[in-house]
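A short worksheet on the structure shown next.
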2 protein chains.
Amino acid sequence: MATGRTHRPATRSRGIPEATVARLPLYLRALTALSERSVPTVSSEELAAAAGVNSAKLRKDFSYLGSYGTRGVGYDVEYLVYQISRELGLTQDWPVVIVGIGNLGAALANYGGFASRGFRVAALIDADPAMAGKPVAGIPVQHSDDLEKIIEDNGVSIGVIATPAGAAQPVCDRLVAAGVTSILNFAPTVLSVPDGVDVRKVDLSIELQILAFHEQRKAGEEAAAGTDGGAPAVAARSESADKGPDGDVPAVMPA
Amino acid sequence: MATGRTHRPATRSRGIPEATVARLPLYLRALTALSERSVPTVSSEELAAAAGVNSAKLRKDFSYLGSYGTRGVGYDVEYLVYQISRELGLTQDWPVVIVGIGNLGAALANYGGFASRGFRVAALIDADPAMAGKPVAGIPVQHSDDLEKIIEDNGVSIGVIATPAGAAQPVCDRLVAAGVTSILNFAPTVLSVPDGVDVRKVDLSIELQILAFHEQRKAGEEAAAGTDGGAPAVAARSESADKGPDGDVPAVMPA
DNA sequence: CCATCTTTGTGCACGCGTTCACAAAGACAT
DNA sequence: ATGTCTTTGTGAACGCGTGCACAAAGATGG
């Protein structure tokens, strides 16, 4: 998953494990699809397959919410949709601001998945005066001078940062000072926030790098010594003379 | 997390734990910043702070790669940059295709974090004939009819899916059939792929929902601090949702 | 009302990841 | 050389998450 979390005091958010919370949206999506097809009930096996998880895991996840199933039958789709929505807090309206209306910010503003789940884009904010007033996704962009006022007027508690890395921390500080307590960060930076503020991070580059690692592993071990071409001029250490240019320091793995 | 298929065989990817692999890009970014400031060495404590993790965790992570530190001094920045880059496979060039050039796909194409880390956008692919030939981020969009040929001609093994949900699985199947073995999925769908293919998922909506959960919990603690408020989720089957400060709202359903 | 069948809910064991705490290793000063 | 000081590398304990396997619960049919 694409996420990182800043220090959480392991409060185990009300008895529901973090891992379970992270899967609830997945279940909710699968259940919504079933609901649209007017499927009345679903077994843990079927729902687990639709959500891409293990059925035992799904049952255990639901057990944290309560006993909402009927043995021998399964789960009532509509009822479960409601319970999970309520548990996630999606039965209320969450005004959200997006700061940084570049390519990514515009994409986020246009992303349908937000509005369809109780999230409402309350404002788009950018530091570029030339952007001010220009509508993106039907919403006029506002200048970041008014950030605090926008937050307060709309009662925003969730902010999305889609600025360049350098601007992320200052923007974050201002958001927090204005009252935002949850931040979704797309900028490739570690944000530092006071206690009580949640930060989740989505980093496109990191995801690709993790894929590259596995891809390299799949490609085989001989690839490491074979291709020498694209190395980005990172000089190897001068001291250790016994190690060749591409000679590997013995990795931890035996074989 | 790596959301491959149902239960992958717990691949301890070459002795390096998944959790460690997921943090390596984080360390690499912090180290790169230090390198640009010409900092020669760094202690585990300093680097851990910069990466936003625990120093013991960082040292253990590095221990999986080998012993690259010097006791009493710390780690050589340049050397560590090289080692991590090599471990992640970033010393080679990875051609990547992006399928689905909507708002998000265009944002990804323009995203600088790709090119700066050994990833090269080899092609942009879209199903809309009107898009064909139109340049995005300086790269002409190609029609999806040519997907297989593009993959093969460029030796692409990593694909990024930024299509609508409905198109994701068919696109995924074609990518895999053409030889792609790693997929970064932005579409809100569970992709099913054969063994040996890695899928990582980035879901903007899910991240926001997780934030909403914590946000709701924080709001509930404030409102009901001291009362029975901490009642575990085993509330009765009635709709006694008393957590939110505002009243109960019927479940929001996507249109 | 009883038997059978289906599916949930969960106790339990196991493995991974995190954290602590400290010995070992090297730098540095004398 | 020797002692001191700093920092790494890691053994060990612990906690969380996962998956198995099964008993309990309810539906269903006779």
Side-chain angles (χ1 to χ4, degrees), chain A residues 1 4-24 26-27 40-49 51-77 79-80 83 239-240 249-252, chain B residues 1-24 26-27 40-49 51-77 79-80 83 232-234 237:
Chain A
M1 178 165 10
R5 225 184 35 222
T6 34
H7 39 270
R8 159 154 300 286
T11 30
R12 193 137 50 116
S13 331
R14 228 192 77 200
I16 302 182
E18 263 306 300
T20 295
V21 173
R23 280 188 294 268
L24 288 182
L26 222 53
Y27 302 145
T41 61
V42 65
S43 72
S44 66
E45 202 68 50
E46 293 167 322
L47 184 55
V53 302
N54 182 290
S55 70
K57 192 186 297 185
L58 178 142
R59 288 198 299 275
K60 180 149 291 191
D61 284 342
F62 286 176
S63 79
Y64 290 115
L65 307 182
S67 293
Y68 294 153
T70 303
R71 300 180 189 221
V73 175
Y75 298 91
D76 183 285
V77 171
Y79 186 64
L80 205 44
Q83 289 299 339
E239 298 169 8
S240 31
V249 178
V252 211
Chain B
M1 284 242 180
T3 30
R5 226 2 243 156
T6 28
H7 61 284
R8 77 210 132 143
T11 50
R12 218 178 349 250
S13 325
R14 223 192 88 196
I16 302 181
E18 259 312 294
T20 295
V21 173
R23 279 188 294 267
L24 289 183
L26 222 52
Y27 302 145
T41 60
V42 66
S43 72
S44 64
E45 202 68 51
E46 294 167 322
L47 185 54
V53 302
N54 182 289
S55 72
K57 193 187 296 186
L58 178 141
R59 288 198 301 275
K60 179 143 289 191
D61 282 343
F62 285 175
S63 78
Y64 291 116
L65 309 182
S67 292
Y68 295 152
T70 304
R71 300 180 187 222
V73 175
Y75 298 92
D76 183 285
V77 171
Y79 186 63
L80 205 44
Q83 289 300 339
V234 200
R237 278 181 82 98

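Please read these numbers as outputs of a predicted model, since none were measured by experiment. By convention in this document, chain letters (A, B, ...) are assigned in the order of the sequence lines, proteins followed by strands, and residues within each chain are numbered from 1.
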Nearest whole angstrom, please: distance from the [atom2] of [N] to the [atom1] of [X].
X: Y64(A); N: dG11(C); atom1: OH; atom2: P; value: 10 Å
X: Y68(B); N: dT8(D); atom1: OH; atom2: P; value: 16 Å
X: E45(A); N: dC5(C); atom1: CD; atom2: P; value: 19 Å
X: L47(A); N: dT7(C); atom1: CG; atom2: P; value: 14 Å
X: D61(B); N: dT10(D); atom1: CG; atom2: C1'; value: 13 Å
X: K57(B); N: dA12(D); atom1: NZ; atom2: P; value: 22 Å
X: D76(A); N: dT8(C); atom1: CG; atom2: C1'; value: 15 Å
X: I16(B); N: dG17(C); atom1: CD1; atom2: C1'; value: 15 Å

Counting the atoms with a prime plus P, OP1 and OP2 as sugar-phosphate, which does Y75(B) contact under 4.0 Å by heavy atoms, base, sugar-phosphate, or nothing?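 Counting heavy atoms under 4.0 Å across all strands, the contact made by Y75(B) is with sugar-phosphate only.
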Out of [options], which has the shortest distance to the side chain of [X]?
X: P17(A); options: dC20(C), dG17(D), dT18(D); answer: dG17(D)
X: S63(B); options: dT10(D), dT8(D), dT8(C); answer: dT10(D)
X: T70(A); options: dT18(C), dG26(D), dT18(D); answer: dG26(D)

Measuring from R23(B):CZ to I16(B):CD1, what's the distance to the nearest 0.5 Å?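 With rounding to 0.5 Å, CZ (R23(B)) is 12.0 Å from CD1 (I16(B)).
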Nearest 0.5 Å, please: how far is CG in L24(B) from CD in Q83(B)?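 It is 11.5 Å, given to the nearest 0.5 Å.
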Would you please confirm or rule out a distance under 4.0 Å between OP1 or OP2 of [N] and any side-chain N or O of [X]?
X: S43(A); N: dT7(C); value: no
X: R59(B); N: dT18(C); value: no
X: S44(A); N: dT7(C); value: no

Kindly indicate whether the side chain of T70(B), heavy atoms from C-beta on, has any atom under 4.5 Å from the side chain of D76(B).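 Side chain of T70(B) against side chain of D76(B), heavy atoms only: no contact under 4.5 Å found.
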Ignoring hydrogens, what is the shortest heavy-atom contact between S55(A) and S44(A)? Give both atom names and the distance.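 Scanning both residues completely, I find the closest heavy atoms to be CB-O, 3.9 Å.
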Does any N or O donor sit under 3.5 Å from an N or O acceptor when you compare the side chain of K60(B) with the base of dT19(C)?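 In this structure, the two groups form a donor-acceptor pair.
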Determine whether a donor-acceptor pair (one donor, one acceptor, N or O, separation below 3.5 Å) exists between the side chain of R71(B) and the base of dT7(D).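 Answer is no: no donor-acceptor pair is held.
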With F62(B) via ring pair (Phe, Tyr, Trp, His ring centres under 6.0 Å) - residues at least two apart: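 Residues passing ring pair (Phe, Tyr, Trp, His ring centres under 6.0 Å) with F62(B): Y27(B), Y75(B).
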